[in-house]
Amino acid sequence: MEHTLVKELLNAASIGKHAIAKGWVRTKRGNKNVAFVALNDGSTIHNLQLVIDPNQMGEELLKRISTGACIRAAGNIVASQGSGQATEMQVTELSIYGEADAETYPLQKKGHTLEFLREIAHLRPRTNTFGAVLRIRHNMAYAINKYFNDRGFFYLHTPIITGSDAEGAGEMFRVSVLNAENPPRNEEGKIDYTQDFFGKETNLTVSGQLEGELGAMALGKIYTFGPTFRAENSNTPRHLAEFWMIEPEMAFYDIHDNMDLAEDMLKYLIQYALDNCKDDVEFLNNMYDKELLARLQSVVEKPFKRMSYTEAIDVLIPHNNQFEFKTEWGTDLQKEHENFLVSHFGGPVILTDYPKHIKAFYMKQNDDGKTVRAMDVLFPWIGEIIGGSQREEDYTKLTTRMAEMNIPEHELWWYLDTRKFGACPHAGFGLGFERLVLFVTGMSNIRDVIPFPRTPKNAEF
RNA sequence: UCCUUCUUAGCUCAGCUGGUUAGAGCACAUGACUGUUAAUCAUGGGGUCCCUGGUUCGAGUCCAGGAGAGGGAGCCA
């Protein structure tokens, strides 16, 4: 490696060394006698200040070094005379890899709106904000793998293409190689998927959970971490058509173990960001959300409030007059109710034991005949960041519930086999990765925490 | 998908009860300036007023339809 990362060159320990830096120009300023270039290489949010003597380097060369250009600079690292940085480079050699025409390069020295940057998603990683977000995103992905690995979980890769449409988590994207203009049809006039690539109708996965349960009942504790797809026409700052989900699934865990894991994991991840992404989190705190650091700190420190759905309804009913949607036992919670609970208890809330008719078929049924062992973790502003449950391991109860909900058994024969052969109590949950990154970065739109967002009517880049 | 707001220069926006040549700041170009920190100062170039149709002597402005974006809601993670 010929060059040194800006991150290292900014360290006072680099003073006195000769070094080579490579990166992209953020700004250039100066006069006849001295020019300053702020150089960023993505290794940190901070820039290396290049101090250039125009008479030595040539004005023609300097002119071509404009915002966005990619350059190589060599020189000595010295203590900075200016106040904005500890070190700077006294440049003795300068060359250009790629120019960026100042007239047409879309990024300016000044700030841009996040909406504009979404239209140039191919260039926005070069901004301070997206550099910070993407570095934090990476660190969160790494920390998730580390967290589970350190605790004896195995990373299970569940399929992206699925042959079952019974997962019930939302509309699916069809995967097909049939001629869309003129697909083969059977005697009934319906599209003949037996002629398709897999010989049956297939879709992109909406959840790896059912396969995750298979893994848990062999390996003990597993987690999935991969892309997930929902063809819902959701137009909100909290939904994507393509997003990444973490789904741990644990044999011999009950709902309390499940809650303990969820809370511990979230706190670990947020603490990891505070410890390892300090500069980036501080930048976002100063630029977008002055309460970000305090909020992250508070979530790490305080225990999450845990209560049953029924208890939550009792808390909400006296305040019904301030809700648009009045609540009563049996109705699903609206956003306004979740927000109320989170602010009422001053932090994350875990709700359990929801009415069975508003939850999925696989959740363990309670003895009261009315509720299931579901658990949702509600976060400030985000709302539901985690949804999970203890799973129903009783074959008869599970198939009875499936029949009630019109879920065909033959689609899920392999899933039901785990209840026939060596069934065990188990539990798990799903964490939306982008919602976690949203919370940790303080960004307000989920399209700004994934490099290339996929949303209804938008698959550019 | 529903409700709501918006769409004018590369970017962020102003543009009054419809009126003749559509403005500002920043960016960019040129020049000045002995160390700047979103440098500063001067000068200059830069427009399909989102699209289609309508009302009118006259539309950036009013009306209808469409497209895109923001915020809220639903679906959820």
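Below, each value reflects all heavy atoms present in this structure, side chains not excepted, and no hydrogens, waters or symmetry copies. This one's a predicted model, so the numbers in the text were calculated from it and none came from an experiment.
A search for side chain to side chain contact (heavy atoms under 4.5 Å, CB included) contacts involving A:Lys146 returns A:Tyr142, A:Asp150, A:Tyr268, not counting sequence neighbours. In this structure A:Arg64 satisfies the side chain to side chain contact (heavy atoms under 4.5 Å, CB included) test together with A:Leu61, A:Ile96, A:Glu99, sequence neighbours excluded. In this structure, the ring-ring contact (aromatic ring centres under 6.0 Å, His included) partners of A:His319, at least two apart in sequence or on a different chain, are A:Phe340. Remark: A:Glu93 pairs with A:Arg72, A:Ala74 by the side chain to side chain contact (heavy atoms under 4.5 Å, CB included) rule, at least two apart or across chains. Not counting sequence neighbours, the partners of A:Phe379 by the ring-ring contact (aromatic ring centres under 6.0 Å, His included) test are A:Phe304, A:Phe439.
Rounded to the nearest 0.5 angstrom, A:Glu249 CD and A:Thr158 OG1 are separated by 11.0 Å. One finds the OH atom of A:Tyr288 at 5.0 Å from the CE atom of A:Met443 (value rounded to the nearest 0.5 Å).
Taking atom P in both B:U1 and B:G66, one finds a spacing of 12 Å when rounded to whole Å. A gap of 13 Å separates the P atoms of B:G19 and B:G15, to the nearest Å. Spacing between B:U55 and B:A64 at atom P, rounded to whole Å, works out to 15 Å. Using atom C1' as the reference point in both B:C33 and B:A69, the two lie 43 Å apart (nearest Å). Rounded to the nearest Å, the gap between the C1' atom of B:G18 and that of B:C11 is 29 Å. Across B:A9 and B:G31, the matching P atoms stand 29 Å from one another, rounded to whole Å.
Dense packing is recorded around CD of A:Gln322, with more than 12 heavy atoms of other residues, nucleotides or ligands lying under 6.0 Å away.
Scanning residues 128-138 of chain A for heavy-atom distances under 4.0 Å to RNA chain B yields an empty list. Within a heavy-atom distance below 4.0 Å of RNA chain B, the residues of residues 438-449 of chain A found are A:Asn445, A:Arg447.
For the side chain to side chain contact (heavy atoms under 4.5 Å, CB included) with A:Glu115, the lone residue among A:His112, A:Glu119, A:Arg118 that qualifies is A:Arg118.
Side-chain contact annotation: A:Asn233 with A:Asn235, donor-acceptor N/O pair under 3.5 Å present. For the residue pair A:Asp53/A:Asn33, the side-chain donor-acceptor check at 3.5 Å is not satisfied. Under the 3.5 Å distance criterion, with hydrogens and angles disregarded, no donor-acceptor pair is assigned to the side chains of A:Glu211 and A:Tyr415. A donor and an acceptor atom, one from each side chain of A:Tyr147 and A:Asp264, are located under 3.5 Å apart. Between the side chains of A:Gln108 and A:Thr67, no donor-acceptor pair of N or O atoms lies under 3.5 Å.
Separating the CG atom of A:Asn235 from the P atom of B:U4 is a distance of 16 Å, rounded to the nearest angstrom. What separates CG of A:Asn33 from C1' of B:A32 is a distance of 12 Å, to the nearest Å. Remark: P of B:C28 and CG of A:Leu107 are 12 Å apart, rounded to the nearest angstrom. Atom CD of A:Glu247 and atom P of B:C76 are 15 Å apart (whole Å). Atom CD of A:Glu249 is separated from atom P of B:A77 by 13 Å (rounded to the nearest Å). In this structure, A:Tyr354 places its OH atom 12 Å from P of B:C76, rounding to the nearest Å. Distance, A:Glu60 CD to B:U30 P: 10 Å, rounded to whole Å. Residue A:Asn40 contributes atom CG, which lies 15 Å from atom C1' of B:U37 at whole-angstrom precision.
Using a 4.0 Å heavy-atom criterion, one finds that A:Glu338 contacts no nucleic acid atom at all. In this structure, A:Glu88 reaches the bases: a heavy-atom distance under 4.0 Å links it to at least one base atom across the strands shown. Residue-level contact check: A:Ile382 touches neither bases nor backbone, having no heavy atom under 4.0 Å from any strand.
We find that the ring of A:Phe36 and the base of B:G35 do not stack by the test of centres under 5.5 angstrom and planes tilted less than 30°.
Taking every side-chain heavy atom of A:Ser80 into account, B:G35 is the closest of B:C75, B:G74, B:G35. Picking from B:U36, B:A73, B:C76 the nucleotide with the shortest atom distance to the side chain of A:Lys335 gives B:A73. Across B:G74, B:A73, B:A77, the shortest atom-to-atom separation from the side chain of A:Leu240 is found for B:A77. Side-chain atoms of A:Asp332 lie closest to B:C76 of the nucleotides B:C76, B:C28, B:U1.
One donor-acceptor pair, N or O on each side, does fall under 3.5 Å between the base of B:U36 and the side chain of A:Gln49. The base of B:U37 is not paired with the side chain of A:Asn47 by any donor and acceptor separated by under 3.5 Å. For B:G35, the base has no donor-acceptor partner in the side chain of A:Gln85 [N/O atoms by modelled type, under 3.5 angstrom]. A donor and an acceptor atom sit less than 3.5 Å apart, one in the side chain of A:Ser234 and one in the base of B:C75.
By the 4.0 Å N-to-carboxylate-O rule, A:Arg137 lies close enough to A:Glu434 to be salt-bridged with it.
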Hey, what are the protein-to-nucleotides 39-43 of chain B N/O distances that come in under 3.5 Å?
unit_1	atom_1	unit_2	atom_2	d
B:A39	OP1	A:Lys109	NZ	3.4
B:A39	OP2	A:Arg29	NH1	2.6
B:A39	N6	A:Gly30	O	3.4

Between N or O atoms, less than 3.5 Å apart, protein on one side and nucleotides 10-14 of chain B on the other: list the pairs.
unit_1	atom_1	unit_2	atom_2	d
B:G10	N2	A:Gln108	OE1	3.3
B:G10	N2	A:Gln108	NE2	2.7
B:G10	N3	A:Gln108	NE2	3.1
B:U12	OP1	A:Thr113	OG1	3.0

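Ring pair A:His426/A:Tyr253: centre-to-centre distance not below 6.0 Å.
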RNA chain B in dot-bracket form (Watson-Crick or G-U pairs under 3.5 Å, [ ] crossing, | inter-strand) is (((((((..((((.....[...)))).(((((.......))))).....(((((..]....))))))))))))....
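Distances shorter than 4.0 Å separate none of the side-chain N or O atoms of A:Arg435 from OP1 or OP2 on B:C76.
Each of A:Ala241 and A:Thr236 was assigned the nucleotide of RNA chain B with the nearest heavy atom; the assignment lying further toward the 5' end belongs to A:Thr236.
Sorted pairs that involve residues 324-345 of chain A and meet salt bridge (Lys or Arg N to Asp or Glu O under 4.0 Å), not counting sequence neighbours, are lacking altogether.
Note: A:Phe153 and A:Phe148 have tilted aromatic rings, judged against thresholds of 30 and 60 degrees for the angle between ring planes.
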In residues 449-459 of chain A, what donor-acceptor pairs under 3.5 Å come from side-chain atoms, sequence neighbours left out?
unit_1	atom_1	unit_2	atom_2	d
A:Arg454	NH1	A:Glu460	O	3.0
A:Arg454	NH2	A:Phe461	O	2.6
A:Asn458	OD1	A:Glu460	N	3.3

